Amino acid sequence: MTDTTRPDTDPLRAAAGNAATPEGISPPVVPPQPDDVTRSQWRDVWRQFRSHRGAMVGLVIFVSIILFVSVGPLIWTIDPTYVDIRARNSGFSLAHPLGTDQLGRDLLARLMAGGQVSIAVGLTAMIIAIFIGSLVGVTSGYFRRLDAPLMRLTELFLALPLLPLLLLMVTLFREPLSQTFGPALGIFFLIVGAIGATSWMQAARIVRGDVLGLKEREFILAARSIGTPSHRMILRHVLPNVLSPIMVAATLGIATAIITESALSFLGLGFPPDFPTWGRLLYDAVDQMVLYPWRVIFPGLLISLTVLCVNYIGDGLRDAMDPRIRGR
Amino acid sequence: MLDEKPLVSIEKLRVEFETNDGVVVGVKDVSFDIKPGECVCVVGESGSGKSVSSLSLMRLVEFGGGTIADGRLMFEKNDGQVIDLASQGSAAMRDIRGNQIGMIFQEPMTALNPVFTVGDQLVEGLIAHRGLKKAEARARALEILRQVRIPEPERRLDQYPHELSGGMRQRVVIAIAMACEPRLLICDEPTTALDVTIQAEILALIDRLKREKQIAVLFITHDMAVVAQMADRVVVMYRGDKVEEGPVEQIFENPQMDYTKMLLAAVPRLGEMTGKPAPERLRLMGDGSHAAPEPIIVADPKPLLTVRNLTTRFAVKGGVLRRTVARVHAVEDVSFTINAGETLSLVGESGCGKSTCGRSILRLVEPESGSVDLGGTDVLALSQRALRKARRDMQMIFQDPFASLDPHMKLYDQVAEPMENYGIGSRSERQDRIAALFDRVELPRSFMRRYPHEMSGGQRQRIAIARALALNPKLIIADEAVSALDVSVQAQVLNLLMELQQDLGISMLFISHDMAVVERVSHHVGVMYLGRIVEMGTRQQVFENPQHSYTRQLMSAVPVADPRQKKISEDLNFRPIPSPIHPVDYQAVPSVYREVSPGHRVLVDPVTHS
Amino acid sequence: MLNFTIRRLLLAIPTLLFISLVIFLLLEASPGDPLADVPLTVPPEVRERMREALGLGDPWPIRYVLWLKQFFWVEPLHWTDQLFGTSFSEGMQRIISFQSRSPVFDVIAQRLPQTLTVVGMSYVVGILIAIPIGILSAYRQYSWFDQIGTFVSMIGFSMPTFFTGVVLIIIFAVNLQWFPSVYDTTLEVTDWDSFLQQARQMVMPVTVLALYNAAQISRFMRSSMLDNLGQDYVRTARAKGLSERVVVLKHVLRNSLIPVVTVIALGLPAVFGGAIITEQVFKVNGLGQLLISAIHGNDIPMVLTLTFIFAILIVVFTLIADILYGVLDPRIRYD
Amino acid sequence: ERGSDGQVNIIMWQAPSTMNPYLSGGTKEIIAGSLVLEPLAGYDTEGNIFPRLVTEIPSLENGGISEDLTSVTWKLRDDIKWSDGTPFTAEDVVFTGEYCMHPEGGCSQLAKFEGVTSIEAVDPHTVRVNFDSPRPDPFSAFVGGQSPILQKAQFEQCIGANAPTCTEQNFNPVGTGAFRVTEFLTNDTITLEANPEYRDPAKPAFATMLVKGGGDAAGAARSVMETGEFDYAWNTQLAPDVIAGMEAAGRGKVSAAFGSLVERIHVNLTDPSSSLPEGERSTRAHPHPFLTDPAVRKALSMAIDRALLVEIGYGPAGQPTCNYVPAPEAWASDNTECLTQDIEGANALLDEAGWVRGPDGIREKDGVRLSMLFQTSVNAVRQDFQALIKQWWSEIGVETELKTVDASVFFGSDAGSPDTLQKFYADVQMYADNFDGTNPAPYLAKHTCDKAPSPANQWQGEGISRFCDEEYDRMVDEIEGIVDADERAAMGRKMNDMLTKDSNAIIPIVYRGTASAHSNTLGGVALNAWDSETWNVADWYRIQE
Ligand SMILES: Nc1ncnc2c1ncn2[C@@H]1O[C@H](COP(=O)(O)OP(=O)(O)OP(=O)(O)O)[C@@H](O)[C@H]1O
Ligand SMILES: Nc1ncnc2c1ncn2[C@@H]1O[C@H](COP(=O)(O)OP(=O)(O)OP(=O)(O)O)[C@@H](O)[C@H]1O
Ligand SMILES: [Mg+2]
Ligand SMILES: [Mg+2]
């Protein structure tokens, strides 16, 4: 009973022509717009997204920050690790628009270089965490058999003490990774992996909770009856419907990842010590906060701004993807 | 009654919605009055603005993204003051909602808050408006539940909505609307989801309230039979406009407008088919042909689907080790055959296992025993992969249209999905086909880009039908496929289904509670009660010679689409269905049938209804 | 529900045993050394002796089983002795910390009060401010209140506590001299004055932590409320003529609580775990500080015991969350 | 007058975990312990030994040290009482020796008793300590805060394997010191009160004391110098400008005392390359590809501006140094050559040695690039140093990659970890170390050939640089036998030079003091780097305004 040949003529088309229309009342004027109709969903989301003011402002600022950290170093070419000891602790000046740190390293250059790492780590680690979290959450919510084992696994991960785990990860993986990918990339993977692997649990629990309820909805059953395979079911029906907690977890995840990265360097797990990141710039300057307040203000501001932008972008994205909220 | 001042008068109402594609007008220019003690029925095709008008009266459209763009909604408060609802502040509206105007919503499944008990939701309004103490309010709630004839009202107060059957839930919604004895009761399709026996009871209740308490009723429905039974006056709407208004007899006997005529012509009436051996398409106005539609006769009926001794039970689990402590015998020893190109209808009370039976055939729930043979394939023995393939040949239209559509997906994608799943056609072929499907189910193509929540109830159901048709299946299981549709569309959809059947030889398992529709479409009819088929035969055999007591009861409850034959009576009191939950060791006896005439069988053992 | 609970509790035992084994092995494998604090002046032979004195000479399975015995048998016996004056545990070795050479549970008991008052209070305060903010933000989505709420909570969340804590100290302890910068763990509340003093020293740490918690919870609250505000039953509630307050606070809120309950329940074990950085900044010396110093000192018995207690709490609180789901949403049934 | 000055508050951001220094060995426990417990003799701020519980310091002249240098006899004071009122006797001293030398006790001060064969109570007030060989400097056991006397009566049951079970005793030892414990919360707070039995009836001036643990160095310094909540903060090692900023508040100041602590860079003379099989990395089997070249090592040392490092990292709490042994004075070599930075000289030296700059500015010779991994523990000052030194080295054509390791791993001696100080899987590493007491000879003895860490000694050796020189080994053997102090010192200076300026196997950077902050109202504080910092807590008092 596999693929029975179907009649060539489609009765639907034939019948469509003589469908009943009551006399005296003109049929609704509907210009057929097939192109328009099949426009990809993403275009539509983008259109909706554009009308969200906060999200657009967030996006613009976020793009500016990215440009600042990526294009900036091409314009402002001072090496962020260059020590100019005579110029140390200097304030704002032409040579150092944002001043220097205790070793005379240029703060502007460090902010730009640090931003590259922080944003890359923040986004990647968040994506890993959200990916694992959603995967575990959706599978355990969706496949009943996997629920108990996966949730026990989540509990295990929640219970593991973070620091020894991270230390162990460094010991085990630092050398092999830096040999395969080179020191910088290797450590990047290590950090991102470490943060990602230790922060997915909350997302998993929340997603699971929502999926459990969602699974009982009839449209899932309906989708099954039209032959939707599991992977498609999850991607098209389950995930879009649990998007809003995922979005929140994602925005919060970026902030956590940026801060955690700085904490990792205190375990010797982070990037080489002279390598700036926003989190570390902030941490290093806390002691000197009273003397040189701008040293905490700039990295702090950038972290907050990034997180805030991502939050608004996430809000906009969620609203754009949720048809019920649209137009409000 | 005629010279009485109207309680409500709607003047030139216009409601607009903000959507993706700009402003959509839900209601264009509607005016009508309702007097105290009068029941005004609003009829019209789905999406014509019935619900929107009523929501505007409560000023609830605003919360759904709509705005009252123009018009006045004059309402006489119980202190005699006449106010314009459209310009009231939110505090004043709160006093009117629930207190002076009560509303029964279209979808009972979602209208109740799932996390509060029925009692909680009932007393809330009483405490807010009547200032009652908690205990007093409870007592009053109990009284109202009795009025809506809910069995065991004391127990119901502490139950949650999901613990009630569909019919009971709808009655709770009605009770909430009536709690404060409003002067105006808005009923938006209150009985659409209910089977005829419960529908009859509820109609009787509303009718009594109207008579005894002089409550004005705004009754929205698409069921012309219900209109005939209930209405004093009828307002006909079409695409956001009022097209006709008049006393019920006038509308039924002497309709002025073509649309009204068409509407009435589309109403299937019980008994119309008497004496005809095979189902026929409805004759619709304006379809040009004046020849009698040809009956759907399959020359040489060959079985397509054979179901034998199908039994589906749901486990009720408990205990430390999660053992099954009891089971719901949802479908018990059901056997039937559907011939290729023919229709079998299943009718029966709410909760009797109709949907479960349909789902079991598709293996959306796993049956416990029995066999299902579809065109030579043993469906129950298929692996998951093979099952997916097999499902291409059998499609289901689900009972609740809103719930069965993914709220995040555009209608286009929802209809396209089955084709994508099986990789049918190229992109552009699919596009053409979807456009054709939209035309076929009478939905404008511009709707392709809408989302389910932007549609009226009937429109949603049509999408579900289009989706099921997308794969050109051999068997369609239509679970209450047309009960949410207005008569004209219902007729079109029924005709469509029958046409497809004729053209493609599609078989159908048609699950419905509307006896007139069933009579119209089926070759064979099975009457279900408590998980078993109690009577089974050709349509003629069952409708013209009902043997089982339950079948007879069902027939007697069917409303008649004739305003001069009102048969709403107070003392309808059908027994509630017995519980299908049995302990694990319960041995279900096999069904024993008595053959009345060839092919007409009646259940004799076990006796569950008499 | 009772059955469900019992079943889950029974299932929790093997789970927890497994978790404890994993934690133990993790600590074994991790490269820290309990003697890292010992100055380099101490020669290797002496270090070796010290290591043996800590029991590190035995192979790990023996130490693990010993720990299990101590945790599940000796300690309960000891508490029984304490309570009833019996002497079952006489001569049995309790779990001893490597660092302080004192029974791990005694130290934990010492630390619990300050952790519970400071971290617990901040959690309560955090929830109390997060929920109203989340609700109002969702109800008035994109109003100025929502915007400010979003702004403040995102800032609050993205600013690490090592920074906000120090800022507070500099402003309120150094410049204004309103609050002490050092938390006095020995303070006993006996009268009004000492109560005030306790309140004063709690203000800053509680504020810092509460802000952080509130930021997170309020975001989840808001998104969940947004999901539910559009549902049909809300319309029904409005049609009853209920005030917006009742509609939102009763009908929508209850339906929105499930993800929030998850977040709160997941966060609760952390209350017992302490807030490591905040405790350090304000010198609260609660369980967080205990754990971190134990980890730094590779004090395996201490880390293992503490972490295992957290594991128990995590298992218990996820269970509680699951039960709460059922209470909040009667459709979710466990039987 | 005893108790007249009320309460004194001390903050130790690394909190003491026990009061018994024999069970921990950490500085914080020694400081806490010395509030209560006392040794027979201590060191003063100059490093001179002085009597505490004895009448005089034994010497050859007064017969306290036997002629053959194999025993030392201590005469105990007879007016000493334990804080519980019982008299202090020779039995307690003997017991303390047994306590620490018990093979199962795991005593962390066992090194103090090295070579001790027996301790005997000659009479209730005389104790003799016998050694297995002649000891020119016999003042190790019972001298200094590390080996105070425990009360026999209290600790009798706590000997050997029982030591850890005596929580009550370890937390609340009976002592002869100025204070006694009223409550001990491990790793948190210690409350103490004046010892009523203290030998000087006028002391201590404070009636009660609070020792608070937790937080960080900056917070501790702030609570003394800015908020005034505390009187004394131990180990406030902070950037000089931060300290200056805090001192400006006028409530207190930071002072430093110099012992023997030197921050230095160890050069790995063996090859740490990860391409070598495990077990052969950083062992003498494989000499380092370029650090074995003395010119390179010398150039590395010359490129460093030590004065600047001090200025940035330590301020008054540090001095630039070229010595591995910076004190006592007699032992400190007058090695000052390295104190001036000489980049040009270093470049010239490398040029001369045949190291030529490649296109990227990094020198190479025979395909060997001067590219190094520089590791140290996680510590803000060390990271600043790393950055600066990296810069200077880059100026002489040496490329440096920086790495940091968590202190608990770096200083831990876990043979399984690749990141420990002893494994030294890096080309250079920086840390600080000091020696106990005033005798540097054992400290110098760490660098003999056989003490290089390797798989053979489970990586527990102490010759971190893998320095190996027969001449040096011979001198190590010799120095213990030299009785004459000056001669010993002269040989010590020579050995010091061999390690530093001659070979540059060790590149000393900063002679570090221990910095502590104290309130301006706290009098009597005399920082001491040779003994416990609270050595004279009995003399502390409140300065009245
Ligand atoms: N929230 C909304 N956004 C956009 N359009 C809407 C919305 N709600 C209703 N509409 C549109 O308004 C029109 C009137 O809808 P309404 O719900 O009143 O129909 P109805 O007459 O009640 O139909 P049915 O009998 O199917 O329930 C329809 O075309 C519908 O698509
Ligand atoms: N998943 C389930 N678990 C347990 N019991 C179920 C489940 N689904 C249905 N039932 C029970 O099985 C019986 C038959 O339900 P079914 O949905 O088939 O009724 P129905 O005839 O379709 O009624 P309606 O006309 O209301 O749709 C009912 O008693 C119902 O409560
Ligand atoms: Mg409607
Ligand atoms: Mg059904």
Side-chain angles (χ1 to χ4, degrees), chain C residues 29-54 93-94 96-103 106-107 110-111 114 166 169-170 173-174 177 180-186 279-285 289-290 293-299, chain D residues 11 13 15 17-18 20 23-27 103-108 110-111 161 163-165 167 170-171 183 185-189 191 210 212-216 219 222-223 226-227 229-230 249 406-414 416-417 419-421 433-436 443 457 460-462:
Chain C
S30 90
D33 180 6
L35 300 182
D37 258 4
V38 174
L40 294 170
T41 42
V42 173
E45 316 83 71
V46 178
R47 276 174 183 256
E48 203 42 50
R49 283 276 181 75
M50 292 169 73
R51 201 180 294 277
E52 267 161 33
L54 294 178
Q93 176 81 290
R94 299 178 64 194
I96 301 285
S97 151
F98 283 174
Q99 275 188 319
S100 64
R101 306 299 180 90
S102 62
D106 290 359
V107 184
Q110 258 169 33
R111 296 303 181 88
Q114 46 258 41
V166 175
I169 287 185
I170 288 179
V174 175
Q177 307 250 337
S181 73
V182 176
Y183 187 94
D184 182 1
T185 44
T186 56
E279 287 189 1
Q280 169 144 339
V281 169
F282 295 99
K283 294 117 196 147
V284 177
N285 296 351
Q289 190 259 3
L290 183 65
S293 63
I295 287 175
H296 278 309
N298 224 30
D299 186 348
Chain D
I11 185 159
W13 59 274
S17 58
T18 175
N20 183 350
L23 287 185
S24 156
T27 316
E104 284 167 32
C107 174
S108 45
L110 198 58
T165 58
T167 313
N170 294 334
F171 283 1
E183 191 186 15
L185 302 174
T186 178
N187 281 321
D188 180 15
T189 314
T191 43
L210 176 82
K212 165 84 186 176
D216 51 41
R222 192 175 292 121
S223 66
E226 292 194 318
T227 68
E229 288 159 88
F230 283 80
D406 183 55
S408 77
V409 178
F410 189 66
F411 294 114
S413 43
D414 183 349
S417 165
D419 291 328
T420 60
L421 170 76
D433 191 5
N434 66 344
F435 55 87
D436 244 2
Y443 186 54
N457 53 19
Q460 302 300 310
E462 297 166 285

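Remember, it's a predicted structure, so these values are computed and weren't measured experimentally. Naming: A, B, ... by sequence-line order, numbering from 1 per chain.
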Taking [options] one by one, which has the highest count of heavy-atom pairs under 4.5 Å against chain C?
options: D/Glu229, D/Glu226, D/Glu104; answer: D/Glu229
options: D/Lys212, D/Arg222, D/Gln460; answer: D/Lys212
options: D/Leu23, D/Asp216, D/Asn434, D/Leu421; answer: D/Leu23
options: D/Ala249, D/Ala15, D/Gly219; answer: D/Gly219
options: D/Asn187, D/Thr420, D/Thr18, D/Thr191; answer: D/Asn187
options: D/Asn20, D/Leu210, D/Thr27, D/Val409; answer: D/Val409

For the residue pair [X] and [Y], establish whether any side-chain heavy-atom pair is separated by less than 4.5 Å.
X: C/Gln110; Y: D/Leu185; result: yes
X: C/Glu279; Y: C/Gln114; result: no
X: C/Pro103; Y: D/Thr167; result: yes
X: D/Asp188; Y: C/Arg111; result: yes

Fill in: Nearest non-hydrogen partners of D/Thr186 and C/Ser102, listed with the distance
CG2-OG, 4.2 Å

Discussion item. Restricting to non-hydrogen atoms, name the atom on C/Phe282 and the atom on C/Ile169 that form the minimum distance, rounded to 0.1 Å.
Written reply: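 Closest approach of C/Phe282 to C/Ile169: CE2-CG1, 3.6 Å.
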
Worksheet, complete the sentence: Given C/Asn285, C/Ile170, C/Val166, C/Val107, the one with more heavy-atom pairs under 4.5 angstrom with chain D than any other is C/Asn285

Worksheet item: In terms of heavy-atom pairs under 4.5 Å, which option from C/Pro180, C/Gly297, C/Ser293 contacts chain D the most?
Response: C/Pro180

Identify which part of [X] has an atom lying under 4.5 Å from any heavy atom of chain D, answering side chain, backbone, both or neither.
X: C/Arg94; answer: neither
X: C/Val281; answer: neither
X: C/Gln177; answer: side chain
X: C/Thr186; answer: side chain

Worksheet entry | OG-CG distance between D/Ser24 and D/Asn170, expressed to the nearest 0.5 angstrom | 10.5 Å

Response to the item:
Output for pair (D/Asp419 CG, D/Phe411 CZ), nearest 0.5 Å, gives 13.0 Å

Of the backbone (N, CA, C, O) and the side chain (C-beta and beyond), which part of [X] lies under 4.5 Å from a heavy atom of chain C, both, or neither?
X: D/Glu462; result: side chain
X: D/Asn457; result: neither
X: D/Ser108; result: both
X: D/Phe171; result: side chain
X: D/Phe230; result: side chain

Worksheet item: Does C/Lys283 use its side chain to pair, donor to acceptor, with the backbone of D/Ile11 at less than 3.5 Å?
Response: no

Discussion item. Checking side-chain polar atoms at under 3.5 Å, does C/Gln99 have a donor or acceptor matched by the opposite partner on C/Ser97?
Written reply: no

Worksheet item: Just checking, any donor-acceptor pair under 3.5 angstrom between side chains of D/Thr189 and C/Thr185?
Response: yes

